[in-house]
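Please read the structure below before turning to the comments.
On a predicted model such as this, the values are computed, not experimentally measured, just so you know. Whatever order the structure lists them in is the order used to number ligands and atoms, beginning at 1.
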Amino acid sequence: MKLWYERPAQAWTEALPIGNGRLGAMAFGGVETERLQLNEDTLWSGAPRDWNNPQAKEVLPEVRRLVAEGKFVEADTVCKQMMGPYNQSYLPLGNAYLHFYHGDNAKSYRRELDLDTAVAATTYTMGEVVYTREVFASHPDQAIVIRLSVNKLGMLAFRAAMDSQLRYKTSWDSRAGTLILQGKCPKHVTPGYHGADLPVVYDADTGEGMTFDCRMKVLDADGQVWADHDGLHVQGATVVTLLISAATSFNGYDRSPGLAGKDPSSVVESSLQTAQEKTYEALRLEHVQDYQALYGRVDLKLGSESRREHQPTDRRIRDQGAQDLGLVELLFQYGRYLLIASSRPGTQPANLQGIWNCEARPPWSSNWTLNINTEMNYWPAETCNLSECHQPLLDYIGELAVNGRKTARINYGCRGWTAHHNGDVWRQSAPAGDFGAGDPVWAIWPMAAAWLCQHLWEHYRFSGDKEFLAAKAYPVMKEAAEFYLDWLIEDGDGYLITSPSTSPEHKFITTRNEKAAVSQASTMDVCLIWDLFTNCIEAMEFLNRDLEFRDSLDSARRRLRPLKIGQYGQLQEWSHDFADEDQHHRHVSHLFGVHPGRQLTAQSSPKFFNAARCSLQRRGDGGTGWSLAWKINLWARFGDGDRAGKLISNLLTLVEDGRTNYHRGGVYANLFDAHPPFQIDGNFGFTAGVAEMLMQSHTDEICLLPALPTAWHYGRVTGLRARGGFEIDIAWEDGQLTSARVVSLLGGGCRLRVGVGKRVHVTELASGSTVASSSDAGHLEFTTAVNGAYSLEVE
Ligand code: FUC
């Protein structure tokens, strides 16, 4: 499980990411100069502000009237008055450089990232001297640790320096051997997709804008060490350990980090203080143990003779792509690695770039885009056994709801809470769009609360954590449901609809042959509300709470305008059978009910399920990285392993650095997902998709191997998680299930669907007794004990 290369990274998308959830670095592995590009996950421009727009409420009746009259283009124009300001931007902290004095004529060069240990390493030789470098981001010690060594006494000499693109100054503490970088963030950054004369605006040093502190320190060195205006110097050493730590003045989403911020310096000092009392070996051991406790839970082996582990990763992608099943395994585990590295309890959720960003105006502000991207980031969290890593998103939702309550009231005069398509560290909840400069096709979408609440419910379904459901999840879900109850209006035919309504980012063609964004009751709106109401109803029944409210949700759910099938047999994207602006558009929002929703299944609604398949067929097999990843998950839900496999092939193609394209996603040399540009959602969506091909549990049964591609002849997966608190191992040969194991963490009933022609039986391991055998339909049902283990054999 290694990514490895024969030359240093030339571009950022060749560098290797490390992270502890909060601190991140991209390691370039340069010979003469090593660069570690640094990030800290709370480092954002701006401060809390009022983004709500009372005018939205004023124009809402007019927008609704125009939509009802079919004047969609006019409605688009008027609903621009409903927008608020743009959201702020995630920022790059800086760089640490190690300048060596040995030139760059290295031999036997190799750099790698080992997913089993989360350690990046570089080795090369210069004449007789072998140089070795290791770097990792420790979660227990909240520091980035660098180890340099040579095999010849005293041959190590370098100068270490730091810089930043933001406002900064450096200083040094020669006695402590510490280099200090202190900086200040802009109070405003205009998103890169919007032109501005002054896109990056700073306040006075004591004014608005986050401050930050980053320190690099020699932990131990056996040579001479000193610090001066030029940086940290090491000479005549054989082994050196460096520590880097950083913090910001971020003091919560609702406090100004410039005027009422935390003191970042004391945070950095104290983490360095704790780390420096340990040896390098101890730091490394604790890091590896902490990491492996999460990473080691899932293992995937796809049997094949076509593995090319002996080839560098970039060549494997270029020459073999998805035919190299070892590369598929690597990309699967990389998604898990990246989630552990970018999302730990107490940190910010993984944003569009996880935590890795080198630009002051990154693509789409490296924000939380809530109309697919942020949710996709967390698709693998539960199924791939990283439930703890889901926590930052769950916390974010609770905080967003606090701001979203004001937005619901001020913008729409509704109860409850809502949020729109863009979020930032200040928990921006209003429609971003610079008060009218934005396009309604993305800005007018008060649906984020519904989608995000799915994560609260899913966390409960996987973990069975009743305390979490009762105290944290349910109250937020209920308030979101209140918002949508108020947001829904009557359509005159007895149905409830949303208006204005968009299908995110995709326009339709009106009968007057014009492009428009807003109409009524897009399929996604209806499916999102169905999902939220259904989850709330189940939660209320389980908690035995608010049963009257339950009834009003249930009757509203029955009155949602029904889905429709269009002229091609497709599931209509809008409530009229409009023509698509782009038949191959990257978003597949109208298929939400198939995945990640559960409204449309072959059993519950075969007609719409088949229509949804027709829609996906029409969309084609192209798209941005995340779009390909969503399609993998969808084809898995349609039970078509080969088609999912085809999408995997399309995603596992090498994209050169610097290209942008909306139709051809892939991966970069470092296996980062390419929208392009780099966007991490496709990595997470891919990993979730592979899990979905091997096991599904979104209905009331656990389905083993629902969408296995023919090319994955034999293999096994261990440690996947199913709803209901089950841990599942599966093995197969010749494309057929051979055995499985179920560990029940919560006890209770377990229903399996195995889909093999032969008879299977299930044995309880503790007692050795058979607890179930399959009928011909391949269904099994048995009761499990808490922590009970069950083995399934094919007869
Ligand atoms: C949505 C998508 C884009 C991109 C952006 C971050 O706007 O349509 O493709 O992923 O989010």
Is the backbone of [Y] close enough, under 3.5 Å, to the side chain of [X] for a donor and an acceptor to pair up by distance?
X: T687; Y: F332; result: yes
X: Q428; Y: P85; result: yes
X: S365; Y: N367; result: no
X: D577; Y: Q567; result: yes
X: Q37; Y: W12; result: no

Show which atoms of ligand 1 fall inside a sub-4.0 Å distance from at least one heavy-atom site of L352.
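Here the atoms of ligand 1 in question are 6 (C).
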Just which atoms of ligand 1 are under 4.0 Å from any heavy atom in H675?
3 (C), 4 (C), 9 (O), 10 (O)
Are K507 and D439 close enough for a salt bridge, meaning some N to O gap below 4.0 Å?
yes
Charged N to carboxylate O under 4.0 angstrom, E74 versus R512?
yes
Is it the side chain (CB and beyond), the backbone, both or neither of H421 that lies under 4.0 Å from ligand 1, heavy atoms counted?
neither
What do you reckon, does [X] have a nitrogen or oxygen under 3.5 Å from a nitrogen or oxygen of ligand 1?
X: T369; answer: no
X: Q679; answer: yes
X: D681; answer: no
X: N371; answer: no
X: W364; answer: no

Separation of H584 NE2 from R618 CZ (nearest 0.5 Å)
8.5 Å
Quick one: does H587 get a heavy atom under 4.0 Å from ligand 1?
yes
Check whether any heavy atom of W442 sits under 4.0 Å from an atom of ligand 1.
no
To check your reading of the model: name the closest protein heavy atom to atom 7 (O) of ligand 1, its residue, and the distance in Å.
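The protein heavy atom lying closest is E505 OE2, 2.6 Å.
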